[in-house]
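Step one of this worksheet: look at the structure below.
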Amino acid sequence: MLLIECPWCGPRDESEFAYGGEADISRPIDPDALSDAEWADYLFMRSNRKGENREIWNHQHGCRRWFVVERDTVSYAIRATFPMDGEGRSP
Amino acid sequence: MPERPRDTHALDAFMKGFSATGGGSAEARVLVHQGFSVHNLRLRGQDHAQAFARCGLPAPPANNEWAGDDETLYWLGPDEWLLVCPEGMATPDFIASGAPPEPMTVNDLTGGWVMLTLSGPGARPLLERGCTIDLNPAVMGEGHCAQTLLAKSPVLLATHADPERVTLLVRRSFAEYVALWLAHTGEPCHIAFAFQARHAAGS
Amino acid sequence: MEKYSALKLIRHALGSNRKWPRAWRKAEPAARYDAVVVGGGGHGLATAYYLASRHGMRNIAVLEKGWIGSGNTGRNTTIVRSNYLWTEASLLYEKSLQLWEGLSRELNYNVMFSQRGVYNLGHTLQEMRDIERRVAANRLNGIDAEVVAAEQIKAAIPIINTSRHARYPILGASLQRRAGVARHDAVAWAFARAADALGVDIIEQCEVRGIDCQGGRVVGLQTSRGPIATGRVGLVAAGHASVVAAMAGLRLPLESHPLQAFVSEPLRPLLDTVVMSNAVHGYVSQSDKGELVIGAGIDAYNGYGQRGSFHTIEHAMQAMVELFPCFSRVRMLRLWGGIVDVSPDACPIIGTTPVRGLYLNCGWGTGGFKATPGSGWVLAHTMAHDAPHELNAPFGLDRFSTGALIDEHGAAAVAH
Amino acid sequence: MSQAFRLPVGGRIRRDEPLEFTFNGRTLSGFAGDTLASALLANGCRVVGRSFKYHRPRGIMAAGAEEPNAIVQVGRGQHAEPNLKATQVELQAGLEARSVRGWPSVNFDLGRINDRLGGVLAAGFYYKTFMSSAGSWHRSERFIRRAAGLGWAPTGSDPDRYESRNAHCDVLVVGAGPAGLSAARSAALAGARVLLVDDQPELGGALLACRDTIDRMPAKDWLAAQAAFLEAQPRVRVLRRCTAFGYHDHNFLSLVQHDLTDHAVVQRLWRVRAKQVVLAQGAFERSLVFPNNDLPGVMLASAVSTYIRRYAVRPGCQLVVFTNNDSGYQAAIDWLEAGGQVEAIVDCRDDVRGDLPRTAQSMGARILTGTVVAGARGRSGLRSVEVAPAAGSGVARQKLQCDVLAMSGGWNPAVHLHSQSGGRNQWQPEPACFTPGNPVQAAVSAGACNGVFGLRECLAQGHQAGQEAARRWGFEPAFDEASEAPAMQSGALMPLWRVPEMRGRLAASKQFIDYQNDTTLSDLRLALREGFEHIEHIKRYTALGFGTDQGKMGNINGMALVAEGLGKTIPEVGTTTFRPPFTPVRFGACAGGDVGDLYEPVRKTPLHEWQVENGAPFEVVGQWLRAHYYPHEGEDLETAVCRECLATRASVGIMDASTLGKIDVSGPDAETFLERLYTHDIARMSVGRCAYGVMLGEDGMVMDDGVMARLGPERFYVTTTTGGAANVLSWMELWLQTEWPDLQVRLTSLTETWSTIALAGPNSRQVLRAMGCDVDLEPEAFPFMTTRTARLENEPVRLFRISFSGELAYEINVRSDRADFMWRRAMAAGAAFGITPYGTETMHVLRAEKGFIIVGQDTDGSVTPVDLGMNWMMSKSKDYIGRRSLARPDCVRPGRKQWVGFRSLDDRTVVREGSQLVQGDTLEPPVPLLGHVSSSYFSACLGYPIALGLLNDGKRRHGEELLAVDAGGGRTRVRVVAPVFYDPEGERQHA
């Protein structure tokens with residue numbers, strides 16, 4: 001069971017959070033300019049990294065903030081957590 | 001038919017059905033508060049202190065803390081607080097007027113929350129059975145509050161100078177389940193329930 | 001290949017079992033193959049077997065990073081069924097179920113396929129609507145399925161809790177009688193032995209580290225045991241599909257998640273069918289050894305660790321005790337996790353790719369084991385003809401661009 | 001029967017508390033402090049079980065969790081507990097135990113015939129047969145299953161109560177032996193919050209059977225002192241009878257505490273988040289592999305000592321010790337002290353020195369060096385052993401009479417938790433065992449589980465580990481000294497994985513590696529012969545390590561023999577991963593208290609009590625309970641719903657819509673924000689207007705819907721479906737926080753604060769008037785799809801003039817704590833109009849008559865708003881989430897499924913929901929499926945059945961006749977019609 005450092009509430013049990021998947025996927029500015037394949041890449045294709053991974057979590061049952069977590073998908077060790085816009089902080 | 005009170009408490013039915021096993025031997029008591037208003041305050045921008053001042057409020061409590069006595073402010077998130085006022089007490093003008101000064105947004109949540117106070121040596125051990133945060137007084141001490149899960153239900157939990165007292169704010173629709181959970185889980189320590197007519201955060 | 005039979009058992013026993021031959025050769029990688037299957041799980045071995053037995057390709061190899069069957073093949077809860085909602089999915093799984101029915105004889109290896117029936121419980125009115133819809137579709141697709149009422153369930157499974165007062169009362173279920181369970185390890189061993197007998201090289205402890213492409217075409221593989229030249233590569237790496245595909249520059253619509261399961265201590269027979277529940281998440285059967293084999297929910301986060309979170313297990317336990325109160329005093333013996341590659345529509349991806357000669361078989365999520373023979377069957381066809389079989393045509397990678405998804409998420413059928 | 005094997009003095013049993021219990025029907029006696037196993041040995045019960053496959057007689061071998069043979073069923077009926085290890089069952093008065101195997105009895109088992117068929121039943125035999133025909137396995141399976149399994153599951157539900165409890169600590173110490181106690185002490189002295197757990201009823205571990213001195217006092221006195229000290233520390237919590245069974249990620253450990261005495265709870269699951277962990281679980285002794293090494297009477301040497309010293313039981317008269325290391329001698333010493341006779345100590349080593357051998361010799365024990373036990377003899381129990389030179393000549397030298405053989409093959413550190421935590425193990429040639437490698441989580445191993453076996457060393461290492469753990473968490477260790485035990489000389493262990501092959505009868509005898517699963521040396525060799533070379537393959541093929549002892553007894557021997565067979569080293573063969581749980585754990589304990597009524601939160605609306613009073617059955621919708629319908633005396637669902645529908649359309653109905661999600665969206669950019677999430681034009685909504693909105697996933701599929709109202713230039717009140725409420729809010733937060741942080745918008749959930757009472761029907765306006773509504777309700781003043789603040793019954797409310805029934809209708813939003821009051825007033829005010837409460841079922845029928853969808857019932861993840869004919873509310877002038885996906889080829893292809901209505905041709909049959917639509921009558925599978933019926937009801941006010949669903953190319957199919965085939969095979973002819981059955985012009989709702 002993961003222990004996740006919410007940037008605002010501090011370390012909390014995984015059960016308080018919702019997983020949001022891969023971070024750094026931003027919505028295309030002009031979707032119409034994209035081919036179906038390009039759109040599919042944004043919509044469905046994922047790096048699904050083995051090892052160091054940047055992902056977003058939501059402190060659903062706490063402060064309801066979304067934030068970034070750097071986590072190893074093999075060891076599950078969390079290197080740092082960040083507010084969406086801010087500085088990292090290690091657990 | 002006899003005139004019913006306008007307000008019905010989410011735990012009316014539960015309290016009717018619940019026979020207080022506790023009595024004198026209770027290691028944990030639950031006071032169910034009645035009559036208080038709840039407001040959700042949201043701020044834009046960074047200068048929270050100034051915005052609060054403009055609303056005639058004391059300085060906002062820091063992250064994961066609450067402040068005040070009768071009129072209580074709980075921190076909920078980086079731009080969000082919960083203001084709880086006893087019924088009958090004059091609420092701040094900006095609430096009465098319903099027009100908060102920029103950059104504050106206010107929502108009246110009165111009626112959507114149920115407030116409980118747990119007390120007694122059994123209070124924290126009881127909560128430990130359904131809550132994953134570290135409730136040790138050294139960690140979660142005077143003036144701390146946390147939104148978390150208790151018995152799989154979302155709650156706002158606040159601790160006091162007296163380590164044997166914990167305040168719980170529960171969403172109305174979950175209240176009966178949470179009460180049931182407290183009663184069942186607390187059975188071994190003879191938990192006792194009672195309504196408290198007036199809310200007072202300090203008491 | 002020495003034929004297995006009761007007689008053989010006795011003859012060998014008289015010779016103190018000193019003469020049994022190897023089940024499959026310990027093959028060394030050759031310099032070149034006509035086709036290579038990456039991944040020595042059930043799906044990969046089945047693919048190789050059908051390539052050799054149905055398409056006459058004998059100079060082929062299966063590369064396995066660890067030991068065959070070490071991935072999800074040896075980690076799942078062995079449920080086999082075909083009662084999926086959408087026609088495309090149900091026909092593919094039905095083909096697989098039909099292959100299962102003849103598998104032990106075809107491979108001369110008892111994979112212990114036991115058609116003891118599978119119940120998918122419905123706990124809410126909406127779940128019952130979904131069950132009605134799925135069963136109606138199954139029957140018109142020629143797949144055996146029926147809706148059973150709570151009373152019938154109770155009659156068939158006396159230990160189940162059908163109380164109306166349960167938090168999620170059992171309102172009914174879909175039942176597929178031809179569905180059941182099989183012995184997971186045996187499936188890998190059986191396909192390996194049969195493929196090996198047809199000349200397929202099964203190469204264990206051989207990790208693929210690179211995929212060589214020239215002019216948009218596969219020409220070979222870099223492995224931990226040296227380069228291998230080949231023009232056809234089937235990627236059948238389940239949880240690691242994204243990792244291997246990336247070697248050919250492909251991005252896939254997959255996320256790998258932990259999925260956990262556990263068994264109880266062996267008990268005398270008390271459950272002779274398979275029970276699955278979605279709302280009260282968990283599914284259970286009893287192995288021939290007497291262990292209750294129980295599947296838990298999927299963990300929310302991506303993970304390659306073959307471990308999940310403990311609260312997922314606690315929930316599964318609560319679900320089991322809700323459904324079967326008498327399990328409460330039974331004890332968990334072993335707990336483990338696998339890595340499932342989940343696609344956006346909970347359906348597999350099987351077919352060609354933008355890279356010529358590179359074929360995909362992944363995205364089975366939590367439902368791969370039941371598809372083992374069918375999956376191998378259609379991928380073998382796809383690799384042999386460089387074009388999909390009609391059964392897997394709808395499951396191509398291109399559906400994510402066209403939008404022609406086959407949404408089994410929407411269906412109540414838990415995809416396990 | 002008297003306790004013939006009980007020693008007159010000694011042990012930690014409480015002789016003043018004699019206990020009676022039964023085993024296989026016989027009444028026996030023991031003492032408080034006994035385990036079932038020690039009591040059985042005291043009573044001379046040698047055969048306590050039968051093996052799984054060969055049904056060989058088996059006796060107690062061990063004294064702890066590694067026991068493979070003594071598996072018992074305790075209690076009966078609801079109270080039954082299957083598969084307990086007798087070595088772990090605390091003896092209690094009236095305890096009822098029986099062997100789980102053996103028919104007709106454990107002493108005479110017909111299944112023993114299998115022992116003779118051994119060759120045929122060798123590893124994996126079942127893979128090679130039972131496949132003559134398709135069903136042949138399923139048929140044979142029934143008989144095989146009957147023979148399988150150990151104990152019997154209880155009948156009925158569990159009378160015991162469980163709970164889970166969360167705990168946090170600076171240092172968790174697992175195991176209270178010498179190392180664990182020292183660690184806990186030094187960590188506590190440093191000021192850390194310490195949690196010390198041990199699976200025994202009393203602290204001490206190995207010390208409970210220890211004859212040495214610590215700090216110049218007898219071990220038991222030192223132990224008492226430590227226990228007293230720790231109990232006195234405010235920051236130390238000591239848990240007895242508590243097993244750490246799982247070491248999960250981020251230093252989360254799961255513990256189970258048994259036989260609680262403090263209150264009603266019988267077992268407790270501890271969920272511990274530890275900052276540092278000290279693992280001090282000790283080690284398991286290894287068995288030795290030789291012919292008939294499973295005969296009752298063959299025991300682990302350490303177990304023999306434990307039974308003598310801790311339980312005052314000497315399980316026999318004549319002892320032979322078979323060992324490859326010094327620790328085996330302890331058994332001989334204890335045996336002699338207990339007045340027993342030691343035939344010989346058989347030691348495979350040529351040169352034997354060290355303190356224990358010297359002591360044994362001085363006590364007169366005969367030591368046969370360079371010798372091994374070539375095999376054991378006896379029928380239902382050990383009678384004698386044959387010994388032979390270790391350097392295998394293959395000829396037995398002599399026969400030794402004995403009734404107990406104490407064997408010691410060395411020790412396996414309990415690396416389980418370390419391994420579970422993700423740590424690797426490394427092979428130590430000396431003393432031939434796996435020890436924990438570098439920890440990957442905040443943990444450290446100490447003592448025997450770290451490969452350190454001397455008492456002196458264990459104390460020192462534990463002390464250091466405790467200080468380390470505390471220091472790593474920022475506590476300054478106190479200057480206390482480690483406790484000291486006298487130094488001991490011991491000779492090196494000589495690995496012995498099997499004995500030389502013997503000629504003659506012993507050659508044919510089985511040599512067991514995994515006792516419980518009857519995995520023998522020849523099974524391993526067969527597996528290797530057949531090419532199963534990876535240890536995991538061998539385990540799975542031979543079932544090695546899959547017993548309820550989880551391989552604690554046999555795995556390492558098995559690996560060593562595999563290594564030998566492959567000509568590899570043990571590290572090359574590799575260790576197998578240890579999985580949770582460390583020892584078996586009850587499902588009930590893992591489930592904790594969250595079962596039955598507490599299984600999952602139940603959410604109730606403020607009107608729930610009224611609904612109960614009025615006899616409404618409830619429908620489960622997500623976590624909510626919603627009133628399904630309100631039956632009158634003798635009414636069933638259909639009749640009640642017909643009545644509710646008619647009454648609503650004719651006069652007025654009232655329903656509780658409080659579960660709908662409600663979100664306040666405010667801020668300067670609220671409009672922009674909603675434009676991006678909903679398909680319709682938000683800007684067109686003037687203040688006071690309401691609009692129906694649909695929200696798409698980015699894949700273009702309908703995700704949620706609801707009515708939204710503009711309360712001000714910068715404020716919207718958005719409603720969602722009941723099930724979607726939580727998702728929609730986090731979905732909104734997701735976009736707001738991750739994609740558009742620049743937007744000035746604040747989201748607040750009002751679901752709990754406002755309750756919604758829906759009034760529907762031509763007389764709903766009258767009811768509002770009767771409630772003293774203070775706003776002008778005339779159509780022109782308060783038109784359809786607008787909202788007003790008002791006072792009803794002198795209460796502030798917000799009125800929405802919206803309709804999900806197609807009637808003139810209003811939704812009253814009132815503060816939740818006044819909802820019950822408001823509802824009762826509405827009932828009173830409506831009495832004159834025969835106001836009729838209705839539930840979700842009637843709500844479904846009314847909306848179906850109007851062709852309104854219910855997201856999740858009429859849509860799955862594959863339906864676009866275009867498919868639903870909602871083009872009218874899809875803005876052309878803006879982008880919104882999901883819009884681009886609608887332009888994908890498959891979303892614009894002709895012939896997609898589209899939203900239509902159906903009429904049964906006979907105008908009587910209500911089509912079963914879920915029915916599939918097909919063409920023609922010849923249904924030869926696979927039949928092309930054209931669509932399905934998602935909603936179907938009898939419409940009371942129309943007088944005929946109506947249905948809705950999705951149909952390929954449905955829009956152009958109106959008028960066509962199709963066949964609806966349901967799950968039961970029932971067929972109904974239907975005609976495709978427009979998906980609106982009632983008041984298509986919508987005059988009534990505008991009334």
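Sequence lines set the chain letters: A, B, ... in the order given, protein chains first and strands last, and positions in each chain run from 1. These numbers were taken from a predicted model, which means no experiment stands behind them.
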Describe, in one word, how the ring planes of A:Y76 and C:Y301 are oriented to each other, choosing from parallel (under 30°), tilted (30 to 60°) and perpendicular (over 60°).
perpendicular

Closest heavy-atom contact between [X] and [Y]?
{"X": "C:S309", "Y": "A:E14", "result": "OG-OE1, 2.6 Å"}
{"X": "C:Y304", "Y": "A:V74", "result": "CB-CG2, 4.1 Å"}
{"X": "C:L252", "Y": "A:M45", "result": "C-SD, 3.6 Å"}
{"X": "C:S401", "Y": "A:A37", "result": "OG-CA, 3.9 Å"}

Going through the distances and angles, do A:D41 and C:R251 end up as a side-chain contact (heavy atoms from CB on, under 4.5 Å)?
CA-CA 8 Å; A:D41 192 82; C:R251 260 162 73 80; 3.2 Å; yes

Heavy-atom side-chain contact between A:Y19 and C:N302 under 4.5 Å
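Counting from C-beta outward, A:Y19 and C:N302 do come under 4.5 Å.
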
How far does [atom1] of [X] sit from [atom2] of [Y], to the nearest 0.5 angstrom?
{"X": "C:H315", "Y": "A:S15", "atom1": "NE2", "atom2": "OG", "result": "8.0 Å"}
{"X": "C:E255", "Y": "A:T73", "atom1": "CD", "atom2": "OG1", "result": "11.0 Å"}
{"X": "A:K50", "Y": "C:I339", "atom1": "NZ", "atom2": "CD1", "result": "6.5 Å"}
{"X": "A:D36", "Y": "C:D398", "atom1": "CG", "atom2": "CG", "result": "11.5 Å"}

Per-residue contact mode, A:S35 against chain C (heavy atom under 4.5 angstrom):
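Nothing of A:S35, per the 4.5 Å heavy-atom cut-off to chain C.
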
From the list C:S256, C:P344, C:P258, the residue making the most non-hydrogen contacts under 4.5 Å with chain A is C:S256

Using a 4.5 angstrom heavy-atom cutoff, name the option from C:D341, C:L250, C:L254 with the most pairs to chain A.
C:L254

May I ask you to name which of A:R46, A:E22, A:E38 has the most heavy-atom pairs under 4.5 Å with chain C?
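The residue among A:R46, A:E22, A:E38 with the greatest pair count is A:R46.
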
Contacting moiety of C:I313, where chain A heavy atoms sit under 4.5 Å:
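Interface part for C:I313: neither.
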
Are A:N48 and C:S242 close enough that a side-chain donor and a side-chain acceptor fall under 3.5 Å?
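Result is yes, a qualifying pair exists.
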
Without swapping roles, check the side chain of A:R71 against the backbone of C:G303 for a donor-acceptor pair under 3.5 Å.
no

